[in-house]
Participant: 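Quick one: the structure is below, and I'll ask about it shortly.
One-based numbering, in listed order, for ligands and for the atoms of each.
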Amino acid sequence: MSRIIIISNRLPITIKKNKNGLVFEQSAGGLATGMSTLQEKNERLWIGWPGIANEQLNNGDKDSLQTKMTAMGYYPVFLSQSQVEDYYNGFCNKTIWSLFHCFTQYTEYENQLWDSYRRVNQIFCQTVLEIIKPDDIIWIHDYHLILLPYLLRKRIPGLTIGFFLHIPFPPVEIFRLLPWRNEMLEGVMGADLIGFHTYDYVRNFLDSVLRLRGYENRLGFINYQNRIIKVDSFPMGIDFDRFYNTSEQYKTKKEIKKIRDKVKNYKVIISVDRLDYTKGILERLKAFATFLEDNPEYWEKVIMILVAVPSRTTVTQYKKLKQQIDEKIGYINGQYGTLGWSPIWYLYRSLPFPELTALYYISDIALITPLKDGMNLVAKEYIATKKDSLGILILSEMAGAASEMGESLIVNPNNRTQISWTLKYALNMDEQEQQKRILSLQKRLKNYDVKKWADDFKENLIKIKDEQKNLAAKYLSPKNRLKIIKDYQQSFHRLFLIDYDGTLVPYHYKFKQAAPSTDVLGTIQLLCQDAKNRVVIVSGREKNILEKWFKDVPVDLIAEHGAWLKKGSDNWKTIEPLKKEWKEQIRPILELYTNRTPGSFIQEKEYSLVWHYIKTEPAFGRTRALELMDSLTYLTSNLDLEVNHGGRVIEIKAAGINKGITAYQWISEKKWDFIMAIGDDWTDEETFAHLPAWAYSIKVGSGMSQSKYNIHSSIEVRSFLKELAKKSSF
Ligand code: GDG
């Protein structure tokens, strides 16, 4: 069984040094729980910084630390004080954190910080290489280590690497501001599986990969350097049972009683976050002030308990924000408070777990309104503690959690009026309604808890690795080439079904009206010299072009993806009388999209219409194409048409025609003893699907296919066909 290696900036354990030596403090965060579940099935090791700088450790400390930690399943990465400063406080928090949360005004672009980030990622890489084995499963966490997948891949190409980003991935317009954006994308694309909390972040990432690096994806799969990468969303869950059962724990019960005595009959609104500008604390306070202003009847009836956990306290932005929050709270309490009542109870510290969950349990409302948040676990934890108490979650639409928690009251964190009346609405919500919402949310949180999340990610990682292996195994090896050549030599009736664009010539020729080169024609000519060979060019091109290009070689032709066929010197014909009246209905919609999409154009074939967007700005073209697909699905629902989207084209044609059906005219013609079909895209899959099981099918490129083999390029196709032709015995 492979080991799981977790790598994160910080270990879930902190080392401190006092006069008695090194002290270990274990932290029980959600991630640690998720990771512990993996341990039940695989041996697990966690690599990260233990939270103490090199300067505080002598060599003896380091050795004893390493020994003790290894016994606990941890392995330390040692960093100096200045590295922590420039890499963590610097590049991680002043560059990536702010930019990825779309706070461009706070983002710093300093070469020195970037150099440190690169250097620390290299240190992580070296440390990881000290202890990993090639069959380990590596799971890298978060924005601190974006370059690590690539660095490890370079050293051990076959390694299984997963990467999960815990914060949002910004839209490409924001991401592209980063001077080191390409290095960052290539860094993360060293992974086999890349995970995000929500589909929005997946889409943003795929957009950046397309627009900045030029790689297309198909349903989240990217073909990158002869490797398939999967990009998907895995919304992180919480340790549901721990929160659900907390109110029955002795310590929590004690806290519940204590807090209830203190809050008396007040309605309690809870607000819990790290003190961070992304969390919208200041905006929340302003919204609460609006609520108090608009609803004096709630004075002396409602309190907000605001827990702000100190975070990144040395960074200027955070210091400034702390001061602004302190002032705002002072202002609100001064403005609305009375002798016996302060509207805001402020705790600037981290609370022990029983106290935190007791607060969740007793509070009537959780007001969680980040301006931008990868997920926000507090929202999930709040709902989970409601075993036998009630409460309402008011949640910002900018939190990743909002996409899964539709039963909460969703608000815009900048809209004070909306938050004010949502508070009022929540304060008046009847118990039955609250119960209904809680139960429905809890069901989902229980189903996809942090353990399920971790397992799901790991299983997907193993699956994509297996797919890669299957694909690698399908590459036409020298041994398989010899086998095919032998079969070729021993056969008498051979059929070749060969696609043109992307197969005989490189894919980009598709957009030129370039005639086949002498090498292409020479290759086909060579094959045709052997009377035992029957060669069919199976293309999406128009029939007249194909006929012109191949007039000097004795091949058969299939044009327009199977709409037309031509055997020897016969005339062109269709398999069945095809309809084309539908074109009049569909053309106007294509024209509309062409006008709205600069660079796109319509190609009219006899039995199909094609909308091309190869010359359009990639992401824009894709968005338009998806819209067009939507409209076409609706429009063609009662016409007997087939709409296909692929390779930056949308093709509409009469249903029931494809390369495979037409190719079958040849396949079924006689008893062949050798059949080979070669193609590069989805239209050729139809040909592969119509072949007998023993035939040879070859896909050009590294995409997934039902073909028996894959081959790298059209150059390799031509060289293999020539090699075969030369083995003919006349
Ligand atoms: C990042 C992303 C993403 C808070 N106060 C106390 C306390 N906490 C615990 C909560 C919760 C955790 O801290 C905070 O998690 P969040 O998800 O809310 O936010 P970030 O720290 O910003 O986390 C975020 C997350 O990573 C996971 O991927 O959801 O979007 O920004 O678990 O319970 N714990 C204790 N006392 C406190 O006072 N004991």
Side-chain angles (χ1 to χ4, degrees), residues 6 8-10 12 14 25-35 92-93 96-98 100-103 139-144 163-170 195-198 200-201 233-240 242-243 246 249 251-252 255 259 270-281 305-312 318 345-361 363 366-385 393 395-396 398-405 413 445 448-450 453-454 457:
I6 315 295
S8 64
N9 171 50
R10 285 293 302 271
T14 297
E25 274 174 24
Q26 189 94 26
S27 54
L31 185 60
T33 313
M35 298 301 107
C92 289
N93 291 331
I96 309 182
W97 178 268
S98 47
F100 280 35
H101 284 87
C102 303
F103 281 80
W139 187 357
I140 301 169
H141 287 268
D142 228 358
Y143 63 104
H144 318 87
F163 178 88
F164 187 83
L165 189 74
H166 288 260
I167 63 173
F169 194 90
F196 298 92
H197 280 306
T198 71
D200 275 352
Y201 311 151
S233 79
F234 300 88
M236 186 177 172
I238 54 165
D239 185 355
F240 182 84
R242 183 163 182 245
F243 286 89
T246 182
Q249 302 296 315
K251 284 186 182 166
T252 315
E255 288 301 333
I259 300 170
I270 181 94
S271 151
V272 178
D273 326 76
R274 275 184 312 98
L275 195 148
D276 195 296
Y277 52 81
T278 60
K279 303 288 183 182
I281 304 173
I305 301 182
L306 190 133
V307 182
V309 180
S311 179
R312 304 170 196 171
Y318 289 73
W345 296 11
Y346 178 32
L347 305 173
Y348 177 60
R349 61 175 167 277
S350 173
L351 306 178
F353 183 79
E355 203 175 322
L356 176 74
T357 51
L359 271 176
Y360 287 158
Y361 183 83
S363 54
L367 185 58
I368 300 173
T369 52
L371 299 175
K372 192 88 198 156
D373 212 337
M375 170 56 73
N376 197 298
L377 298 179
V378 172
K380 294 186 169 182
E381 294 166 359
Y382 174 74
I383 292 295
T385 56
L393 171 64
L395 181 60
S396 160
M398 308 299 173
S403 56
E404 292 168 77
M405 303 186 81
L445 295 178
Y448 201 78
D449 67 357
V450 69
W453 169 78
F457 188 89

Participant: Residue-level breakdown please: for Thr278 versus ligand 1, do any non-hydrogen atoms fall below 4.0 Å on the side chain, on the backbone, on both, or on neither?
Facilitator: neither
Participant: For Val272, counting its heavy atoms only, list the atoms of ligand 1 lying under 4.0 Å from any of them.
Facilitator: 4 (C), 5 (N)
Participant: Mind checking whether Tyr360 has a heavy atom under 4.0 Å from ligand 1?
Facilitator: yes
Participant: Should one rank His166, Glu355, Lys380 by closest heavy-atom distance to atom 27 (C) of ligand 1, which comes out on top?
Facilitator: His166
Participant: Run Arg10 and His144 through side-chain contact (heavy atoms from CB on, under 4.5 Å) and show every step you take.
Facilitator: CA-CA 10 Å; Arg10 285 293 302 271; His144 318 87; over 6 Å; no
Participant: Any atom of ligand 1 sitting under 4.0 Å from a heavy atom of His197?
Facilitator: yes
Participant: With a 4.0 Å heavy-atom cut-off (strictly under), which part of Trp97 contacts ligand 1: side chain, backbone, both or neither?
Facilitator: side chain
Participant: Could you tell me whether Met236 approaches ligand 1 through its side chain, its backbone, both or neither, with non-hydrogen atoms closer than 4.0 Å?
Facilitator: side chain
Participant: Work out which heavy atom in Tyr143 is nearest to a heavy atom in Trp97; give both atom names and the distance.
Facilitator: OH-CE3, 3.4 Å
Participant: Could you check Phe353 against Phe243 for side-chain contact (heavy atoms from CB on, under 4.5 Å), going step by step and ending with a plain yes or no?
Facilitator: CA-CA 10 Å; Phe353 183 79; Phe243 286 89; 3.5 Å; yes
Participant: With respect to Gly374, determine whether any N or O atom, backbone or side chain, lies less than 3.5 Å from an N or O atom of ligand 1.
Facilitator: yes
Participant: Less than 3.5 Å between some nitrogen or oxygen of Leu356 and one of ligand 1, yes or no?
Facilitator: no
Participant: Any nitrogen or oxygen of Asp373, side chain or backbone, less than 3.5 Å from one on ligand 1?
Facilitator: yes
Participant: For the residue pair Phe234 and Phe196, is the inter-centroid distance of their aromatic rings smaller than 6.0 Å?
Facilitator: no
Participant: Search all heavy atoms of Leu371 against all heavy atoms of Tyr277 and return the closest pair with its distance.
Facilitator: CD1-O, 3.7 Å
Participant: Side chains of Thr246 and Thr252: any donor to acceptor distance under 3.5 Å?
Facilitator: yes
Participant: At a 4.0 Å threshold, what atoms of ligand 1 neighbour a non-hydrogen atom of Leu351?
Facilitator: 35 (C), 36 (N), 37 (C), 38 (O), 39 (N)
Participant: Counting only nitrogen or oxygen atoms and a 3.5 angstrom limit, does Met375 reach ligand 1?
Facilitator: yes
Participant: Side chains of Asp200 and Thr198 only: does a donor on one sit below 3.5 Å from an acceptor on the other?
Facilitator: no
Participant: Would Leu359 and Ile259 count as a side-chain contact (heavy atoms from CB on, under 4.5 Å) here? Give the steps.
Facilitator: CA-CA 7 Å; Leu359 271 176; Ile259 300 170; 3.9 Å; yes
Participant: Can you name the nearest heavy-atom pair linking His166 to His141, along with the distance?
Facilitator: NE2-ND1, 3.0 Å
Participant: Using a heavy-atom cut-off of under 4.0 Å, does the side chain or the backbone of Val309 touch ligand 1, or both, or neither?
Facilitator: side chain
Participant: Show me which atoms of ligand 1 lie under 4.0 Å from any heavy atom of Val378.
Facilitator: 10 (C), 18 (O)
Participant: How close do Met375 and Ala399 get, heavy atom to heavy atom, and via which atoms?
Facilitator: O-CB, 3.6 Å
Participant: Check ligand 1 against Glu381 and write out every atom of the ligand that is under 4.0 Å from a heavy-atom position of the residue.
Facilitator: 10 (C), 11 (C), 32 (O), 33 (O)
